[in-house]
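Here is the structure we will look at.
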Amino acid sequence: MNAGDHQLGIYLAGMLEGRTPELTTDLAALENAARKVLSPEALGYIVPSAGSGSTARANLEAFERRRIVPRMLRGVERQRDLSCEVLGTRMPAPVLVAPMGVQTLAHEEGELATVRAAAAVGVPYVHSTAAAHDFEQVAAAGGDAPRWYQLYYPTDRDVCVSFLRRARATGHSVLVVTLDTTLLGWRPADLDRGYLPFLAGTGIANYLSAPSFAGVDNPVTHWAGMFPNPGLSWDDLPFLRDHWDGPIVLKGIMSTEDARLAAEHGMDGIVVSNHGGRQVDGALAALDALPGIAEAVGDRLTVLFDSGVRTGADVVKALALGAKAVLVGRPVLYGLALGGQAGVEHVLRCLLGELDITLALSGYSAPGELGPGALAG
Ligand SMILES: Cc1cc2nc3c(=O)[nH]c(=O)nc-3n(C[C@H](O)[C@H](O)[C@H](O)COP(=O)(O)O)c2cc1C
Ligand SMILES: CC(C)CC(=O)C(=O)O
């Protein structure tokens, strides 16, 4: 994709054709539009965060606080190339779709619409263990487009191995192991409603279609029993190495010490993330954790980032602070809720377009040129 074509393309209406007014190009405003179309349960599950929401607010505030310093007369390339390679995956820009389960809450086609949209734009899609569609369905819908797999490490290792095998067999190239959700966070919006998608049977598709577990009496409670895994430790990582022959990324790293341990344990990458503020309310903003971690690990690990990315300018800020690429979460679900596959495509194209324009107007031809000097302070 030639990112430089985005803006003209938009003005020439190619991208806006068939767009509903709710699908605004102001990505930060999508949440309000999505609130109007989501059911109360879906809204309660997707939009809010843990506890009082202070960490989710801090995530956004950390982006707001940091300011880009635009530079002039730097001979920016007329046709910018934002493409990059991350852990063996080529991508049109340093942006991936974050792993998110239960996407049928946002739209009946759920992950199938998201993976098709990601494939259309070329952005890698990260398939969640808690997806409402399984590995095979997502692989069929996504075709050859890049896909990674996110693991919730279950207490039952046979189930774990079956997930890893199927993920590999269906073309997922990188394993993302989420560490910050060994228990569900304290989420008042769901607790007050007594609602959890999994208990309603949504989000266990990968598990339900695992042939070896077909005989289980009550699959929902069986899965609910093996999902909580607070006993997980660094000693459990070699098992994954034994059963996964591709790169492994740890998601949910928020301290320099854990980042160093990830490198010492031979991991390939980390995602600096607080799960969009959905887990530990009161945790620091993910963006505030990023620069120290990036400095501590240097070239030893590929540092990725998520939590609070809403605009192209946010992507610029995260890259300047040391991320090699970012994962975008809720905005994708807002696009999904508002327009299915077309809505997700809209969000991804806007994000890449705004990233490209912001980068160029700030004096940079490529994301790799960004560093802390691109920001004030
Ligand atoms: C509805 C929803 C479901 C999610 N499901 C998962 C999941 O299954 N696995 C995972 O690692 N992260 C999951 N996440 C967290 C995202 O991967 C990501 O860390 C977070 O959404 C980033 O923050 P943002 O929404 O502010 O962009 C989920 C987030 C949301 C909003
Ligand atoms: C706990 C999961 C199964 C889904 C998730 O990660 C989330 O809702 O944030």
Side-chain angles (χ1 to χ4, degrees), residues 27-28 30-31 34 38 41-50 53 55-63 95-107 110-111 114 125-133 148-154 163 175-187 189-190 195-200 202-207 220 223-224 226-229 249-254 270-280 283 285-287 304-311 314-315 318 323 326-337 347 351:
L27 293 181
L30 273 181
E31 177 184 321
L38 290 166
E41 286 76 21
L43 196 151
Y45 191 77
I46 294 171
V47 182
S49 308
T55 293
R57 286 192 299 278
N59 283 341
L60 302 184
E61 186 274 330
F63 276 105
V95 173
L96 301 92
V97 173
M100 287 177 290
V102 297
Q103 295 192 19
T104 47
L105 290 186
H107 186 275
E111 294 83 6
T114 301
Y125 161 89
V126 188
H127 183 58
S128 160
T129 293
H133 289 93
W148 295 6
Y149 170 54
Q150 176 268 324
L151 177 73
Y152 277 127
Y153 201 140
F163 284 164
L175 180 64
V176 179
V177 188
T178 299
L179 304 179
D180 56 18
T181 310
T182 54
L183 300 168
L184 259 195
W186 186 258
R187 301 179 182 178
D190 300 328
Y195 175 76
L196 242 198
F198 321 101
L199 298 183
T202 306
I204 52 176
N206 289 313
Y207 167 71
V220 172
W223 171 249
M226 72 180 81
F227 172 80
N229 199 356
V249 171
L250 301 182
K251 176 170 182 276
I253 298 293
M254 288 290 289
I270 53 174
V271 185
V272 176
S273 164
N274 59 26
H275 212 97
R278 296 165 70 78
Q279 287 299 99
V280 177
L287 195 69
L304 308 176
F305 174 86
D306 80 26
S307 296
V309 174
R310 295 291 176 271
T311 67
D314 291 346
V315 181
V326 306
L327 289 76
V328 58
R330 290 184 187 84
V332 166
L333 296 185
Y334 301 151
L336 182 63
V347 167
L351 194 65

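Just follow the structure's listing: the first ligand is 1, and inside any ligand the first atom is 1.
- For N59, the closest heavy-atom approach to ligand 1 does not fall below 4.0 Å.
- Of the polar atoms of A130, none of the N or O atoms is found under 3.5 Å from an N or O of ligand 1, judged by distance alone.
- When the options K251, Q103, M100 are ranked by their closest heavy atom to atom 28 (C) of ligand 1, first place goes to M100.
- Interatomic distance, CG of L333 versus OG1 of T114, reported as 6.5 Å (0.5 Å rounding).
- When all heavy atoms are compared, the tightest approach of A286 to N59 is N-OD1, 3.0 Å.
- Protein heavy atom at the shortest distance from atom 6 (O) of ligand 2 is Y152 OH, 2.5 Å.
- The aromatic rings of F163 and Y149 sit perpendicular, their planes meeting at an angle over 60°, well past the 30° parallel limit.
- Residue R187 places a heavy atom under 4.0 Å from ligand 2.
- P228 and A224 make their closest contact through CD-O, 3.0 Å (heavy atoms, listed as atom of the first residue, atom of the second, distance).
- Taking only non-hydrogen atoms, the option from P99, G329, S49 nearest to atom 14 (N) of ligand 1 is P99.
- Listed for the R278 side chain is no donor-acceptor partner under 3.5 Å among the backbone atoms of L184.
- Proximity of a side-chain donor or acceptor of R330 to a complementary backbone N or O of G276 within less than 3.5 Å is detected.
- The closest side-chain heavy-atom distance from N274 to Q279 is not below 4.5 Å.
- With respect to atom 8 (O) of ligand 2, the closest heavy atom belonging to the protein is Y45 OH, 2.4 Å.
- Nearest protein neighbour of atom 3 (C) of ligand 2, counting heavy atoms only, is F198 CZ, 3.1 Å.
- With ligand atoms numbered from 1 in the order given, ligand 2 contributes 3 (C) to contacts under 4.0 Å with heavy atoms of A130.
- For atom 7 (C) of ligand 1, the closest non-hydrogen atom of the protein is Y152 OH, 3.4 Å.
- With 3.5 Å as the limit, one finds no donor-acceptor pair spanning the side chains of T178 and Y153.
- By the 3.5 Å distance cut-off applied to N or O atoms, G308 is counted among the residues near ligand 1.
- Taking atom 5 (N) of ligand 1 as the reference point, the nearest protein heavy-atom neighbour is G101 N, 3.1 Å.
- Counting the atoms of ligand 1 from 1 in the order shown, those under 4.0 Å from a heavy atom of L333 are 1 (C).
- Near L184, with a cut-off below 4.0 Å to any heavy atom, the atoms of ligand 2 are 1 (C).
- A donor-acceptor pair under 3.5 Å links the side-chain atoms of E111 to the main chain of H133, judged by distance alone.
- The single protein non-hydrogen atom nearest to atom 11 (O) of ligand 1 is T178 OG1, 2.7 Å, given as residue, atom name and distance.
- Just one of L327, V315, L287 meets the side-chain contact (heavy atoms from CB on, under 4.5 Å) condition when paired with V309; it is V315.
- Of the inter-residue distances, the one linking F227 atom CZ with L183 atom CG reads 8.0 Å to the nearest 0.5 angstrom.
- Neither the backbone nor the side chain of Q279 has any atom closer than 4.0 Å to an atom of ligand 2 (non-hydrogen atoms only).
- If you look at L327 next to ligand 1, there are no close heavy atoms at all, none under 4.0 Å.
- Of the protein's non-hydrogen atoms, D306 OD2, 2.9 Å is the one closest to atom 19 (O) of ligand 1.
- Taking distance alone, with nitrogen or oxygen atoms compared against 3.5 Å, T181 stays at or beyond that limit from ligand 2.
- Here the side chain of Q103 pairs no donor or acceptor atom with the backbone of A131 at under 3.5 angstrom.
- Of all protein heavy atoms, the one lying nearest to atom 26 (O) of ligand 1 is R310 NH2, 2.8 Å.
- In this structure, the side chain of N206 engages the main chain of T129 through a donor-acceptor pair within 3.5 Å.
- Where the criterion is an N or O separation shorter than 3.5 Å, residue side chain and backbone included, A98 fails it with respect to ligand 1.
- Within the listing of ligand 1, atoms 22 (C), 23 (O), 26 (O) sit less than 4.0 angstrom from a heavy atom of S307.
- To the nearest 0.5 Å, atom CG of residue L60 and atom CG of residue D314 are 8.0 Å apart.
- For ligand 1, the atoms closer than 4.0 angstrom to any heavy atom of S273 are 19 (O).
- Between V102 and ligand 1, no pair of N/O atoms sits closer than 3.5 Å.
- The shortest N or O to N or O distance between S128 and ligand 1 is under 3.5 Å.
- Closest approach of G203 to V102, counting heavy atoms only: CA-CG1, 3.6 Å.
- Among R278, H275, Q150, E31, the residue whose heavy atom lies nearest to atom 30 (C) of ligand 1 is R278.
- Near R278, the atoms of ligand 2 lying under 4.0 angstrom from a non-hydrogen atom of the residue are 7 (C), 8 (O), 9 (O).
- Rounded to the nearest 0.5 angstrom, Y334 OH and L30 CG are separated by 9.0 Å.
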